[in-house]
Amino acid sequence: MSRLSGRNFSNNILGEFVQVETLTLTITDESEAAFSGGVPDGFTDGKVSAEVEVELTAKYFKVVHDAAKSAGSYRDLPLDDIVCYANTGDEEKKVEAFGVKWKPQDILNIDPSSTDASKFKMTGLVTSPLFVKIDGVSYLSTSDTQHVL
């Protein structure tokens, strides 16, 4: 059976397929346990957020640069719906994040003794109420988004 690895993923960022060095999507859910008299008694829904961190070589950072140039600046990059998809024939995974606001982070890291390719890091804030889907299933419930969508 062929298992998924990072090598299997195709990643679409800013409308282009890019090869990433690393990509992490982190969801923060501040839901909490509710208590009555110090004893767990249910839960309360908390706010949610998600952040993407991606590291690209210069070759693929050019996709970001060209989009920023077209937009007029890096801060004017359009909100982006990203898709990460992998299929080995035996296993499949698709993760989507919506309305990502990209922020270049580490744009220069020079090590004269290294032969590694130059890398550029960006973070992105998920800003859409569509939020994140994992294999087509929304992370948020319909009650979470009922007055937003």
Side-chain angles (χ1 to χ4, degrees), residues 1-34 40 42-109 111 114-149:
M1 175 178 270
S2 179
R3 300 288 186 187
L4 291 176
S5 74
R7 296 184 63 167
N8 300 117
F9 278 87
S10 295
N11 307 288
N12 189 307
I13 296 174
L14 292 163
E16 299 281 338
F17 284 100
V18 297
Q19 184 68 42
V20 301
E21 293 297 301
T22 63
L23 188 149
T24 304
L25 173 59
T26 303
I27 295 174
T28 302
D29 186 332
E30 296 182 10
S31 296
E32 296 283 339
F43 65 92
T44 58
D45 289 329
K47 71 178 184 177
V48 295
S49 63
E51 184 171 297
V52 181
E53 184 175 278
V54 64
E55 197 172 54
L56 304 166
T57 61
K59 176 181 179 178
Y60 292 104
F61 186 76
K62 186 171 179 356
V63 169
V64 177
H65 180 74
D66 289 347
K69 187 175 182 179
S70 177
S73 73
Y74 282 90
R75 289 193 78 177
D76 288 328
L77 281 168
L79 294 180
D80 188 21
D81 297 339
I82 68 166
V83 178
C84 301
Y85 177 76
N87 186 335
T88 66
D90 294 318
E91 295 182 333
E92 182 177 27
K93 178 65 61 188
K94 181 178 181 183
V95 177
E96 302 163 278
F98 298 93
V100 175
K101 172 66 174 157
W102 288 114
K103 304 182 301 177
Q105 185 177 341
D106 295 342
I107 58 167
L108 195 57
N109 186 354
D111 179 356
S114 174
T115 58
D116 291 343
S118 292
K119 297 175 187 164
F120 302 84
K121 188 182 291 182
M122 298 192 335
T123 57
L125 304 172
V126 176
T127 66
S128 170
L130 295 174
F131 199 55
V132 172
K133 287 186 179 179
I134 304 164
D135 292 329
V137 178
S138 178
Y139 182 82
L140 298 177
S141 70
T142 54
S143 64
D144 288 326
T145 60
Q146 68 183 344
H147 298 295
V148 182
L149 289 177

Once you round to the nearest 0.5 Å, how far does CG of Leu56 lie from CZ of Phe120? 9.0 Å
Just wondering, do Asp144 and Tyr139 contact through their side chains at under 4.5 Å, heavy atoms? no
How long is the straight-line distance from CD of Glu55 back to CG of Leu23, given to the nearest 0.5 Å? 10.5 Å
Sequence neighbours left out, what passes salt bridge (charged side-chain N to carboxylate O under 4.0 Å, His left out) with Lys93? Give chain and number order. Asp135
When rounded to the nearest 0.5 angstrom, what distance separates CG in Asp106 from CD in Glu53? 8.0 Å
How close do Leu14 and Ala67 get, heavy atom to heavy atom, and via which atoms? CD1-CB, 4.0 Å
Starting from the C-alpha separation in whole Å, work towards a yes-or-no answer on side-chain hydrogen bond (donor to acceptor under 3.5 Å, both in side chains) for Thr24 and Thr26. CA-CA 6 Å; Thr24 304; Thr26 303; 5.9 Å; no
Show the numbers, then the answer: is there a side-chain hydrogen bond (donor to acceptor under 3.5 Å, both in side chains) between Tyr85 and Glu96? CA-CA 9 Å; Tyr85 177 76; Glu96 302 163 278; over 6 Å; no
Glu91 side-chain N/O to Leu4 backbone N/O, donor-acceptor pair under 3.5 Å: yes
Is there a side-chain contact between Val20 and Tyr60 (heavy atoms, below 4.5 Å)? no
Is the shortest side-chain heavy-atom distance between Lys119 and Asn109 below 4.5 Å? no
Spacing of Leu77 atom CG and Lys69 atom NZ [to the nearest 0.5 Å]: 14.0 Å
Would you mind reporting whether Leu79 and Ser128 have side-chain heavy atoms less than 4.5 Å apart? no
Ignoring hydrogens and angles, tell me if any N or O in the side chain of Ser31 forms a donor-acceptor pair with the backbone of Gly46 under 3.5 Å. yes
Hey, is the main chain of Ser2 close enough, under 3.5 Å, to the side chain of Thr88 for a donor-acceptor pair? yes
Judged by atom type as modelled, is there a donor-acceptor pair below 3.5 Å linking the side chain of Asp80 to the main-chain atoms of Ile13? no
Return the CZ to OG1 distance between Phe131 and Thr145, rounded to the nearest 0.5 Å. 11.5 Å
Considering all heavy atoms, the nearest Gln105-Thr123 contact: OE1-CG2, 2.5 Å
Does the Asp81 side chain pair with the main chain of Gly99, one donor and one acceptor, at a distance under 3.5 Å? yes
Taking atom NZ of Lys101 as the centre, does the number of heavy atoms from other residues, nucleotides or ligands within less than 6.0 Å exceed 12? yes
Do Tyr74 and Lys103 make a side-chain contact, defined as non-hydrogen atoms from C-beta onward lying under 4.5 Å apart? no
With rounding to the nearest 0.5 angstrom, report the CD to OG1 distance, Gln19 to Thr57. 8.5 Å
Ignoring hydrogens, what is the shortest heavy-atom contact between Asn87 and Gly89? Give both atom names and the distance. OD1-N, 2.6 Å
For atom CD1 of Ile134, is the number of surrounding heavy atoms from other residues, nucleotides or ligands below 6.0 Å larger than 12? yes
Pairwise side-chain contact, Trp102 with Ile82, heavy-atom cut-off 4.5 Å (strictly under): yes
Looking only at heavy atoms, which two atoms of Leu140 and Pro129 are closest? And how far apart? CD1-O, 3.6 Å
